[in-house]
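Per chain, numbering begins at 1; letters A, B, ... match sequence-line order. Both backbone and side-chain heavy atoms feed into the values below; hydrogens, waters and symmetry mates do not.
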Number of protein chains: 2
Amino acid sequence: MAPPAETLTAERILEATEEVLRRHGPAKATVVDVARALGVSHGSVYRHFRTKAALREAVTKRWLDRTSQRLAGIAGATDRDPATRLREWLAALFDAKRHKAGDDPELFATYTVLTDEYGSVVGEHIEDLVTQLTEIVAAGVATGAFTADPRPAARAVFHATGRFHDPGYAREWQRPGVDEEFTAVVDLLLRGLTR
Amino acid sequence: MAPPAETLTAERILEATEEVLRRHGPAKATVVDVARALGVSHGSVYRHFRTKAALREAVTKRWLDRTSQRLAGIAGATDRDPATRLREWLAALFDAKRHKAGDDPELFATYTVLTDEYGSVVGEHIEDLVTQLTEIVAAGVATGAFTADPRPAARAVFHATGRFHDPGYAREWQRPGVDEEFTAVVDLLLRGLTR
DNA sequence: CAGATGACAGATATTGAAATCTGTCACCTG
DNA sequence: CAGGTGACAGATTTCAATATCTGTCATCTG
């Protein structure tokens, strides 16, 4: 059922777009470049994505979804105790972001531009993450470990840790002492949640 | 001892610079404009500020200091109980920022550009604010209301409330529901601090 | 005939020459 | 002679012409 390798699919276009963005950056990456990379005319790209914006948006969504999926594994590990899971989930989010930002700063900057462009996609991603957090908090409430209204509490935890996952703070993630700051905030939040 | 009104002082240059920034914005405000507004040659401005950057930095500092001074009043009100003082201080910070951003968005954008340019001035301003918070937390620890190491706890509170005072989030401050989000975060933090 | 093409019009970006600005300094002036 | 000036060199910005890109669509082809 999988189409032959040479068939032009949305998937192949997205991969080529990621590569073009990596090479040229967000300002210079054009639809013509993507078409050239695939060896087709740019008109063909427009058969799969109505506009350049739609294409960039789809690439952005893909990138964010990869992070969500990684974290979903931790949120769903219902065998572990909620406090630990919350800590690990937040640490994993911080770690994922910090590595993305530190390992390839240019690519990270590229995606930061894209996420700024497509606020609604980011909004959905955040709702997704808050839902994962809600799952953990709700588990804690069920256990009796936490006292809280899960959804608003999860949202508060997400907002309170913004410094450790919002791309706007990426510069700070390299500085010494951030880990202590992270731990201090998470400790304080966990004390606030704990019965 | 106060110099006559027509004497060129650093103070008068700073006032003129604020006005020029308000009128022309950060990108188009030039030293020549400032000199023109004061009716002097631009060489005279350079007698008081070594570079354009030094002038802009001084204006930025003045602007930040005005906020610090307002908040210092609340932090220093040692007659009131620490938990209330902490809430009021954070609410006052949020309120001050939100009004600056909402009442004159262009001027706020101008100063956001300036604060991005002069990170060290912002750093000092933040240290100043964290010191004020530390004072409140320490008072709470003395009372027995809070359990915490005042300085790191104050820093954690500051970081955890970044969403409600960092200019990068200014867009969010207009949205409905932010007040509830603010209250949720502050409640959680206060629960964490409280013995 | 489904899918690809490339010519085209209007929008956007690039480029380089001209204009303006920054920072210095030798020289005024009250 | 303290404080101010304006001409100047080099850096930066502006602006208009030129080039490139986006999105459409009539046409082509396997």
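- Residue pairs meeting the side-chain hydrogen bond (donor to acceptor under 3.5 Å, both in side chains) criterion with at least one member in residues 144-156 of chain B, sequence neighbours excluded, are E127(B)-R151(B), E127(B)-R155(B), T131(B)-R151(B).
- Summarising the geometry, the separation between NE2 on H48(A) and P on dA2(C) is reported as 14 Å, rounded to the nearest angstrom.
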When every nucleotide of nucleotides 20-30 of chain C is labelled 5' to 3' by its protein contacts under 4.0 Å (heavy atoms), B for base, S for sugar-phosphate only, - for none, what sequence of letters results?
-SBBB------
Name each donor-acceptor pair under 3.5 Å that joins a side chain in residues 20-29 of chain B to protein atoms two or more places apart or in another chain, with its distance.
residue, atom, partner, partner atom, Å
R23(B), NH1, E19(B), OE2, 2.5

Can you check salt bridge (Lys or Arg N to Asp or Glu O under 4.0 Å) on R85(B) and D79(B), steps first, answer last?
CA-CA 10 Å; R85(B) 238 192 310 157; D79(B) 51 315; over 6 Å; no
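- Note: CG (L55(A)) to P (dC21(D)) measures 15 Å, nearest angstrom.
- Put simply, the side chain of R98(B) never gets that close to the backbone of Q174(B): no donor and acceptor are under 3.5 Å apart.
- Counting only distance, with no hydrogens or angles, the side chain of T9(B) and the backbone of R12(B) share a donor-acceptor pair below 3.5 Å.
- Partners of D116(B) according to the salt bridge (charged side-chain N to carboxylate O under 4.0 Å, His left out) rule, which considers only residues two or more places apart in sequence or in another chain, do not exist here.
- Between W63(A) and Y111(A), the angle of the ring planes stays under 30°, which puts this pair in the parallel group of the 30/60° scheme.
- An OP1 or OP2 oxygen of dT5(D) is reached within less than 4.0 angstrom by a side-chain nitrogen or oxygen of S41(B).
- DNA chain D lies under 4.0 Å from no heavy atom of any residue of residues 113-122 of chain B.
- The side-chain contact (heavy atoms from CB on, under 4.5 Å) check on A53(B) picks up T51(B), Y118(B), with sequence neighbours excluded.
- The separation between I13(B) atom CD1 and dG3(D) atom C1' is 12 Å, rounded to whole Å.
- The distance between atom CG of L38(A) and atom P of dT5(C), rounded to the nearest whole Å, is 10 Å.
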